Amino acid sequence: MRILVVEDEKKVASFIKRGLEEEGFLVDVAYDGEEGRYMAETNPYDLILMDVMLPKKDGLTVVRELREKGMSAPVLCLTAKDTVDDIVSGLDSGSDDYLTKPFAFAELLARVRALLRRGGQDRGAEIHFADLRLDPVAHKVWRSNKEIDLTAKEYALLEYFMRNPNQTLTRTMIAEHVWDYTFDSFTNIIDVYVNYLRKKVDKDFDKKLIHTVRGAGYVLKEE
């Protein structure tokens, strides 16, 4: 899952980014309101962490403008302000939750997971495809009840495939969802990781699930 962190304090942003990446999330960072709005408008994010006090444009204004443009991703506001009026203003702007600074990373992570579970598709529910099973909470994968040991990047790639089965995923689509904002989709690293994943998911099984679509990308499907 891809998360945007909009935070002008670089140490705080780095702390959040590192912690979320250790949990298997893909994280982009913006350091002011205008950059945050641009990135949120031009990239598909599953969640946005938005600081309220930002240079160039404050976080609540950014959230309000994004909601007016139809952005539906959940937003968790981060701020040192903790009065009732501040919290109400944050929620009224279109934010889904509010966390005051300083905070423990464990609480931030719990709120992130809770927000990702909301909505029509339960992000915390297990995903099944053929004899593959993926647990988004425990970050575990099984095929025919045999657990498969994946790196964080392999796991993120497989999760993207399993959330979009029977669809051709181009290298650009994969780069946008599994790698970071500055990733060069013209390198062969995507092909390398798909090959890694195939060796773990398909090698020991007669039925292959990850297929190449020549000239287009890859697809997860049953033959």
Side-chain angles (χ1 to χ4, degrees), residues 1-5 17 20-29 38-48 71-74 112-113 116-117 119-223:
M1 297 180 197
R2 191 173 185 183
I3 297 176
L4 173 63
V5 176
K17 176 180 172 67
L20 291 175
E21 287 179 338
E22 288 174 353
E23 294 296 322
F25 296 104
L26 174 65
V27 184
D28 294 333
V29 177
Y38 171 77
M39 291 177 68
E41 288 179 340
T42 55
N43 296 279
Y45 291 105
D46 297 291
L47 175 72
I48 297 174
M71 188 207 69
S72 59
V112 164
R113 286 175 171 162
L116 290 171
R117 284 196 295 267
Q121 181 181 15
D122 186 354
R123 289 281 181 173
E126 285 191 355
I127 307 170
H128 297 261
F129 181 82
D131 55 354
L132 267 177
R133 178 164 58 96
L134 181 147
D135 184 338
V137 176
H139 285 196
K140 292 185 176 181
V141 175
W142 300 264
R143 182 160 185 192
S144 295
N145 295 319
K146 176 186 177 182
E147 186 171 349
I148 301 172
D149 184 26
L150 300 177
T151 66
K153 192 62 68 179
E154 291 166 351
Y155 172 87
L157 180 59
L158 181 61
E159 182 179 13
Y160 184 48
F161 275 123
M162 291 184 69
R163 290 192 184 277
N164 299 275
N166 301 307
Q167 298 181 43
T168 298
L169 304 178
T170 67
R171 289 169 179 79
T172 299
M173 293 167 67
I174 293 171
E176 288 177 348
H177 285 82
V178 182
W179 271 264
D180 63 25
Y181 182 66
T182 59
F183 179 75
D184 180 2
S185 61
F186 292 100
T187 69
N188 71 338
I189 194 69
I190 292 173
D191 305 297
V192 170
Y193 269 90
V194 169
N195 189 47
Y196 289 159
L197 197 57
R198 276 179 166 151
K199 288 179 179 179
K200 294 184 177 183
V201 171
D202 282 341
K203 182 179 178 181
D204 297 328
F205 297 88
D206 293 333
K207 182 185 291 185
K208 308 307 179 186
L209 299 178
I210 301 172
H211 303 273
T212 301
V213 181
R214 191 171 299 278
Y218 299 96
V219 61
L220 181 73
K221 68 177 182 178
E222 295 186 75
E223 288 183 321

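Please read these numbers as outputs of a predicted model, since none were measured by experiment.
The side-chain heavy atoms of L209 and D131, taken from C-beta on, include a pair separated by under 4.5 Å. Contact annotation: the side chain of D191 never approaches that of V194 to less than 4.5 Å [non-hydrogen atoms, C-beta and beyond]. Taking the side chain as every heavy atom from C-beta outward, L132 and L158 approach each other to under 4.5 Å. Within the 4.5 Å cutoff, side-chain heavy atoms of D28 are placed close to those of M39. Side-chain contact check for Y45 versus N43: some heavy-atom pair is nearer than 4.5 Å. Here the side chains of H128 and M162 are not in contact, with every heavy-atom distance at 4.5 Å or above.
Here the closest heavy-atom approach between residue D204 and residue K146 is recorded as OD2-NZ, 3.7 Å. Among all heavy-atom pairs drawn from D149 and K200, the shortest one is O-NZ, 3.1 Å. When all heavy atoms of M71 and A40 are compared, the pair lying nearest together is SD-CB, 4.5 Å. Of all heavy-atom pairs spanning T151 and E154, the tightest one is N-OE1, 2.9 Å.
Within a 6.0 Å sphere centred on NZ of K207, heavy atoms belonging to other residues, nucleotides or ligands number 12 at most. Within a 6.0 Å sphere centred on CZ of F129, other residues, nucleotides and ligands contribute more than 12 heavy atoms. Counting heavy atoms of neighbouring residues, nucleotides and ligands inside a 6.0 Å radius, atom CG of N166 exceeds 12 of them.
Ring pair Y218/F161 is perpendicular by interplanar angle, where above 60° counts as perpendicular and below 30° as parallel.
The backbone N or O of Y38 sits nowhere less than 3.5 Å from a side-chain atom of E41 that would complete a donor-acceptor pair. Remark: side-chain polar atoms of K153 are not paired, donor with acceptor, to backbone N or O of L150 under 3.5 angstrom. Judged by distance alone, with hydrogens and angles left aside, the side-chain atoms of H211 form a donor-acceptor pair with the main-chain N or O of K221 at under 3.5 Å. Side-chain N or O atoms of N164 include one that pairs as donor or acceptor with a backbone N or O of Y160 at under 3.5 Å. The main-chain N or O of V201 is found under 3.5 Å from a side-chain atom of R143 such that the two form a donor-acceptor pair. Side-chain atoms of K140 never come within 3.5 Å of backbone atoms of E147 as a donor-acceptor pair (strictly under, hydrogens ignored). Of the possible polar contacts, one joining the K17 side chain to the V27 backbone as a donor-acceptor pair under 3.5 Å is found. Checking side-chain atoms of D202 against main-chain N and O of I210 turns up a donor-acceptor pair under 3.5 Å.
Rounded to the nearest 0.5 Å, atoms CD (E159) and CG (L157) are 10.5 Å apart. Once rounded to the nearest 0.5 Å, the distance linking CG of L4 with CG of L47 reads 9.0 Å.
Taking the ring axis of F25 as reference, the NZ or CZ atom of R2 does not stay both within 45° of it and closer than 6.0 Å to the ring centre.
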Exercise for review: Evaluate side-chain contact (heavy atoms from CB on, under 4.5 Å) for L134 paired with W142, printing each intermediate quantity in order.
Suggested key: CA-CA 7 Å; L134 181 147; W142 300 264; over 6 Å; no
Check your understanding: Checking side-chain contact (heavy atoms from CB on, under 4.5 Å) for the pair L116/D46: CA distance, chi angles, key distance, verdict?
Key -> CA-CA 7 Å; L116 290 171; D46 297 291; 3.9 Å; yes
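A donor and an acceptor atom, one from each side chain of S144 and R133, are nowhere located under 3.5 Å apart.
Salt bridge absent: E222 and K208 never bring a charged side-chain N and a carboxylate O closer than 4.0 Å.
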